[in-house]
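If you read the sequence from its start, that first residue is 1, and numbering goes on from there.
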Amino acid sequence: YPIARDKEGHGREILSTLSAANRDADAQAYAALLRHVREVDAATRTVIMIQLENEVGLLGDTRDHCAEANAAFAAPVPADLMDYLQKNKTALLPETRRLWDDAGGKTSGTWEEVFGKGTGADEAFMAWHYARYMNRISELGKKEYALPVYVNAWIVQPKDHQPGDYPSGGPQAHNHDFWRAGAPQIDILAPDIYLPNFAEIAATYSRNGNPL
């Protein structure tokens, strides 16, 4: 079960989302949990919704630099994501449009060609891969028991300067287009709030059809 690595090659205590073995083991365990919940609770429905994992994302660097991640980052942006961006161009969040437009609004290319060189492309890459990873887990769980699923985000703190200070690629409000594109099996993208401006934060998580 390979772990993510930073740009110096040091391992982080975080599973790599680029590993099918990691994803499949997580999905099988989650499906077993949902099977158990269905067996013991379907009649009374004490459990009405489930949070899938907790505050996912990469801490300590802007993106995963394991060999598989480096190869994927240098490859073309997946067609599924590019199709989503083009079909929903007028409804994208301003953060997504700015990132894409500033790099030239290309309809194909590597992550840096489509989203520019820097932390924006790194975070977009991680958001897509976390979304796809979590989508597969949710998909298998819903086959066992179709409970609504939400994910919670470690929100960007006032002292954070870049992704990696907060978990890069998590379902933070500015990453929602990548999560909506990559994780249709997840019903709600939600914040984990420990700051006083609750209403303001909740509003940023209620854009673009996210049913917070």
Side-chain angles (χ1 to χ4, degrees), residues 2-19 53-78 80-82 84-86 88-89 92-134 151-183 189 191-192 194-195 200-201 204-205 207-208 210:
I3 57 177
R5 296 191 175 276
D6 62 24
K7 61 177 62 72
E8 284 78 35
H10 301 137
R12 312 297 301 176
E13 291 184 351
I14 301 168
L15 292 174
S16 175
T17 58
L18 277 292
S19 165
E53 309 216 15
N54 184 60
E55 296 183 339
V56 298
L58 181 69
L59 283 169
D61 208 335
T62 53
R63 74 167 176 88
D64 188 354
H65 288 266
C66 73
E68 293 81 4
N70 287 340
F73 190 71
V77 175
D80 288 353
L81 175 55
M82 293 309 311
Y84 180 93
L85 294 177
Q86 292 173 74
N88 296 279
K89 189 172 184 178
L92 294 176
L93 296 175
E95 297 94 327
T96 310
R97 282 296 303 270
R98 190 180 312 116
L99 181 68
W100 189 18
D101 289 347
D102 285 352
K106 300 179 182 69
T107 57
S108 64
T110 67
W111 288 88
E112 287 189 336
E113 288 170 344
V114 173
F115 299 113
K117 291 187 176 182
T119 61
D122 288 357
E123 186 170 23
F125 174 80
M126 293 308 301
W128 172 255
H129 284 285
Y130 270 107
R132 295 306 296 158
Y133 184 103
M134 301 277 275
V151 291
N152 69 324
W154 173 330
I155 62 176
V156 181
Q157 302 294 308
K159 63 184 178 181
D160 293 336
H161 299 292
Q162 64 177 16
D165 296 337
Y166 59 89
S168 180
Q172 289 86 16
H174 61 279
N175 288 331
H176 281 189
D177 283 322
F178 299 100
W179 277 79
R180 296 294 294 279
L189 307 171
D192 200 347
Y194 292 88
L195 294 172
E200 178 186 345
I201 294 168
T204 66
Y205 282 77
R207 300 177 298 171
N208 201 15
N210 182 43

**Q** For Phe178, what residues pass the ring-ring contact (aromatic ring centres under 6.0 Å, His included) criterion, not counting sequence neighbours?
**A** Phe115

**Q** Taking all atoms of both residues into account, what is the closest heavy-atom pair of Leu99 and Ala124, and its distance?
**A**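 Scanning both residues completely, I find the closest heavy atoms to be CD2-CB, 4.2 Å.
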
**Q** Are any side-chain N or O atoms of Trp179 and backbone N or O atoms of Gly169, one a donor and one an acceptor, separated by less than 3.5 Å?
**A** yes

**Q** Would you call Pro76 and Val114 a side-chain contact if the rule is heavy atoms closer than 4.5 Å?
**A**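 No, side chains not in contact.
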
**Q** For Val56 versus Pro171, what's the shortest heavy-atom pair and its separation?
**A**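 Heavy atoms only, the tightest pair is CG2-CD, 4.1 Å.
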
**Q** When you compare the side chain of Gln172 with that of Pro167, does any pair of heavy atoms fall below 4.5 Å?
**A** yes

**Q** Which atom names give the shortest non-hydrogen contact between Ser16 and Asp64, and what distance separates them?
**A**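 Closest pair (atom of Ser16, atom of Asp64, distance): OG-OD2, 2.7 Å.
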
**Q** Could you pull out all residues at least two apart from Gln157 that satisfy side chain to side chain contact (heavy atoms under 4.5 Å, CB included)?
**A** Trp154, Ile155, Lys159, Asp160, Leu195

**Q** To the closest 0.5 Å, what do you measure between OG1 (Thr62) and CE (Met126)?
**A** 9.0 Å

**Q** To the nearest 0.5 Å, tell me how far Asn208 CG sits from Asp177 CG.
**A**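 Answer for the CG-CG pair, Asn208 versus Asp177, is 5.0 Å.
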
**Q** Is the distance from the ring center of His65 to that of Phe73 below 6.0 Å?
**A** no

**Q** Could you state the interatomic distance from CG (Asp165) to CG (Leu59), rounded to the nearest 0.5 Å?
**A**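 Rounded to the nearest 0.5 Å, the CG-CG separation comes out at 9.0 Å.
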
**Q** Could you list all the salt bridge (Lys or Arg N to Asp or Glu O under 4.0 Å) pairs where at least one residue sits in residues 116-134, not counting sequence neighbours?
**A** Arg63-Asp122

**Q** Just so I know, are the side chains of Glu53 and Tyr133 near enough to count as touching, which here means a heavy-atom distance under 4.5 Å?
**A** yes

**Q** Any side-chain heavy atom of His174 sitting closer than 4.5 Å to one from Leu93?
**A**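 His174 does not reach Leu93 side chain to side chain.
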
**Q** Within this structure, what is the NE2-CG distance for the pair His176 and Leu189, rounded to the nearest 0.5 Å?
**A** 4.5 Å

**Q** Restricting to non-hydrogen atoms, name the atom on Gly116 and the atom on Ala121 that form the minimum distance, rounded to 0.1 Å.
**A**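 Answer, listing the atom of Gly116 first, then Ala121: O-CB, 3.0 Å.
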
**Q** Please collect all salt bridge (Lys or Arg N to Asp or Glu O under 4.0 Å) contacts where either partner lies in residues 92-108, sequence neighbours excluded, each pair once.
**A**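 Sorted pair list: Glu95-Arg207, Arg97-Asp101.
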
**Q** Do the rings of His129 and Trp111 sit parallel, tilted or perpendicular, given the 30° and 60° boundaries?
**A**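 Geometry flag for Trp111 against His129: tilted rings.
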
**Q** Where the side chain of Tyr130 meets the backbone of Gly170, is there a donor-acceptor pair that is under 3.5 Å apart?
**A**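 Checked: no pair found.
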
**Q** The criterion is ring-ring contact (aromatic ring centres under 6.0 Å, His included); which residues satisfy it with Tyr84, sequence neighbours excluded?
**A** none

**Q** Apply the test side chain to side chain contact (heavy atoms under 4.5 Å, CB included) to residues Met82 and Trp100: give CA-CA distance (whole Å), side-chain angles for both, the deciding distance (0.1 Å), then the verdict.
**A** CA-CA 11 Å; Met82 293 309 311; Trp100 189 18; 4.1 Å; yes

**Q** Rounded to the nearest 0.5 Å, what's the gap from CG on Asn152 to OH on Tyr205? Could you check?
**A** 9.5 Å

**Q** If a pair satisfies side chain to side chain donor-acceptor pair (under 3.5 Å) and one of its residues is in residues 4-15, list it, with sequence neighbours excluded.
**A** Lys7-Asp61

